[in-house]
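Notes for the one structure printed next.
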Number of protein chains: 2
Amino acid sequence: MTHAAIDVLGIGNAIVDIIARAEDDFLIRHGMAKGSMALIDEARATAIYDAMGPAVEVSGGSAANTIVGVASFGGRAAFVGKVKDDSLGRAFSHDIRAVGVAFATPPAFEGPSTARCYIVVTPDGERTMNTYLGAAQDLHPADIDPGQIEAAAIIYLEGYLWDPKNAKEAFLKAARIAHAKNRIVALTLSDAFCVDRYRAEFLGLIRDRTVDVVFANEHELRALYQTADFDTAVAQLRADATLAVVTRSEKGCVVVTRTGTEVVPAAAVERVVDATGAGDLFAAGFLVGLSRGREHARCGRLGALAAAEVIQHLGARPEASLHALAQENGLLG
Amino acid sequence: MTHAAIDVLGIGNAIVDIIARAEDDFLIRHGMAKGSMALIDEARATAIYDAMGPAVEVSGGSAANTIVGVASFGGRAAFVGKVKDDSLGRAFSHDIRAVGVAFATPPAFEGPSTARCYIVVTPDGERTMNTYLGAAQDLHPADIDPGQIEAAAIIYLEGYLWDPKNAKEAFLKAARIAHAKNRIVALTLSDAFCVDRYRAEFLGLIRDRTVDVVFANEHELRALYQTADFDTAVAQLRADATLAVVTRSEKGCVVVTRTGTEVVPAAAVERVVDATGAGDLFAAGFLVGLSRGREHARCGRLGALAAAEVIQHLGARPEASLHALAQENGLLG
């Protein structure tokens with residue numbers, strides 16, 4: 001494996017989040033499944049926005065959030081994703097570059113507008129997401145620069161990329177290039193409904209070693225193996241994956257390898273303000289540890305630290321320096 | 001005075017805030033006067049945005065923030081201001097209507113884009129603002145609907161309206177209509193540099209009774225009377241204004257009338273996260289009290305409560321229900 005100029009490169013849907021608070025009955029009235037991500041068309045986007053309270057706009061996107069987290073830890077980070085050249089697209093590009101992430105995917109100059117995720121945050125801090133994919137639909141294999149992929153120690157892909165029509169081809173192209181250079185390929189399963197949509201394909205990716213590291217929360221894991229029993233699902237995951245990390249909110253995470261499982265506790269949280277980005281930032285911390293060759297327990301603690309930071313404020317991007325936080329907690333030198 | 005269907009109607013620049021954190025040396029490097037508002041052109045807006053860290057977009061505008069505060073207290077509120085029919089303009093319109101404010105000013109369909117304020121928040125919580133006025137330049141007297149002005153018990157105007165070229169004519173038209181119906185006209189001096197630009201005109205408005213109630217912070221008051229001595233400035237204000245309220249951050253406010261001055265303490269604040277909107281929300285609470293005929297000390301406490309809420313989070317719009325907060329604190333029935 002040659003020297004890597006980039007620690008982690010993420011490929012994902014480039015999305016701006018539009019976040020508003022609401023009571024639980026808002027979800028019921030609008031037929032939303034709490035805690036999940038639903039794909040919506042432009043008409044539903046308009047209807048939801050009209051019904052939502054005052055909102056805050058902030059850059060999001062699952063893998064993009066993770067990559068911003070990597071940069072906040074001091075890692076060298078790059079992102080590939082498609083925006084339109086409109087005001088939301090320019091805000092997304094500004095925000096990700098402003099934290100030092102290399103982001104060079106050319107924007108679309110025509111077609112649908114930049115992707116938006118309408119996020120409803122309920123009083124318990126849980127987030128329910130409604131995504132209009134817009135320009136993110138137009139991520140193509142041509143947007144994958146082989147030289148940049150080869151330069152990354154780890155490439156990180158979101159399962160949500162199975163939704164836009166050509167993005168999975170971009171995903172597979174990137175994975176092939178990475179493996180030809182003995183790089184690590186990581187995948188997050190993204191969402192339980194997403195797993196329901198693409199179960200066979202995701203299992204195929206894991207079993208045929210297209211991905212080396214799998215991130216999932218317990219709902220996604222249960223959806224993957226269609227079982228209500230956590231231990232049964234973990235046993236199947238152990239048989240299928242080389243390395244997997246299953247997050248369980250306040251119960252911490254379970255690192256799953258061929259040789260066994262290891263539980264890593266969650267970090268202390270005073271109050272969950274907005275759960276958006278918890279999984280994304282967990283992955284950021286874990287990948288930073290992995291890129292530095294730390295043992296899995298340390299990787300898990302870095303993930304837990306980043307997740308705890310992001311759920312204590314609105315929005316899915318860290319507000320504090322994760323590098324400084326990790327140093328204060330003795331997790332990074 | 002006939003029955004008023006609206007408690008407070010605000011007229012101001014319709015602005016979307018773009019907020020980022022930065023260290024103090026950012027202000028020095030970019031020649032910004034801490035705590036102030038500077039008017040910028042589009043080229044400077046681009047340069048500042050390029051230099052800024054990742055940002056959050058949230059609706060703002062001084063009088064607009066006040067009016068949203070009035071609505072949050074349960075008051076009947078209306079706003080007049082000019083956006084363009086672009087994505088920021090639609091976000092502004094959505095956010096203000098979503099809290100129940102009547103906002104019917106037609107947007108501009110051509111010309112410059114919706115106004116933006118680039119706000120830099122330093123670690124002490126102080127905010128430094130850079131405003132690109134854009135479409136807000138196009139507020140005209142024709143945007144003032146006489147019937148709506150007549151329906152409002154109080155009209156509230158921001159001093160910043162002296163910056164766009166035709167807005168002060170709109171302001172004066174609204175004040176004339178309001179006074180013809182014996183309504184109350186209130187003015188905030190907005191910013192010390194704004195006072196420097198329009199001192200003679202602001203003094204004229206106060207002395208000729210175009211405005212009945214004046215809001216100022218101590219910097220603006222000192223700028224108005226060009227004195228470093230607070231007591232000297234207050235004495236002059238007493239001679240000029242019927243009713244004025246001078247805010248002094250953690251020292252609370254001073255209510256100034258012909259008969260004397262009254263100090264009202266500030267509300268307790270754990271930590272100042274972002275001072276943006278403190279003055280705007282103070283005015284909201286005070287005006288709500290005034291519209292319900294409360295004594296001045298009670299009005300001041302309502303203002304202090306709203307200001308304390310807004311400075312403990314990012315952005316200039318309340319996140320909690322001010323009505324509920326006021327009830328908990330025994331200030332509203």
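Each chain gets a letter, A, B and so on, in the order the sequences are listed, and its residues count up from 1.
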Item to check | Option in B:Val16, B:Ile18, B:Val56 with maximal non-hydrogen atom pairs under 4.5 Å from chain A | outcome: B:Val56
Item to check | Whether B:Asp41 side chain and B:Arg44 backbone form a donor-acceptor pair below 3.5 Å | outcome: yes
Checklist outcome for this item: The reported gap from CG in A:Leu325 to CG in A:Leu332 (rounded to nearest 0.5 angstrom) is 10.5 Å
Checklist entry - So do the side chains of A:Phe26 and A:Met32 get within less than 4.5 Å of each other, counting heavy atoms only? => result yes
Next on the checklist: If you count heavy-atom pairs within less than 4.5 Å of chain A, which of B:Arg317, B:Met52, B:Arg21, B:His313 leads?
Outcome noted: B:Met52
Checklist entry - Is any residue of residues 86-115 of chain A within less than 4.5 Å of chain B by heavy atoms, and which ones? => result A:Ser87, A:Arg90, A:Ala91, A:His94, A:Asp95, A:Ala98, A:Val99
Next on the checklist: Could you tell me if the side chain of A:Leu281 sits less than 4.5 Å from the side chain of A:Glu309, heavy atoms only?
Outcome noted: no
Item to check | Donor-acceptor pair, side chain of B:Glu270 and main chain of B:Gln312, under 3.5 angstrom | outcome: no
Checklist entry - Do B:Lys34 and B:Asp124 come close enough that some side-chain heavy atom pair is under 4.5 Å? => result yes
Checklist entry - Is there a donor-acceptor pair closer than 3.5 Å between any side-chain N or O of B:Thr188 and the backbone N or O of B:Ser190? => result yes
Checklist entry - Quick check: are there more than 12 heavy atoms from other residues, nucleotides or ligands sitting under 6.0 Å from CD of A:Glu23? => result no
Checklist entry - Does some side-chain heavy atom of A:Ile11 sit less than 4.5 Å from a side-chain heavy atom of A:Leu139? => result yes
Item to check | Residues of residues 60-85 of chain B contacting chain A, heavy-atom criterion under 4.5 Å, by residue number | outcome: none
Next on the checklist: Taking the basic N atoms (NZ, or NE/NH1/NH2) and the acidic carboxylate oxygens, is any pair closer than 4.0 Å for A:Arg127 and A:Asp17?
Outcome noted: no
Checklist entry - Who among A:Ala55, A:Gly315, A:Ala51 has the most heavy-atom pairs with chain B under 4.5 Å? => result A:Ala55
Checklist entry - Quick one: does A:Asn13's side chain get under 4.5 Å of A:Leu161's, heavy atoms only? => result yes
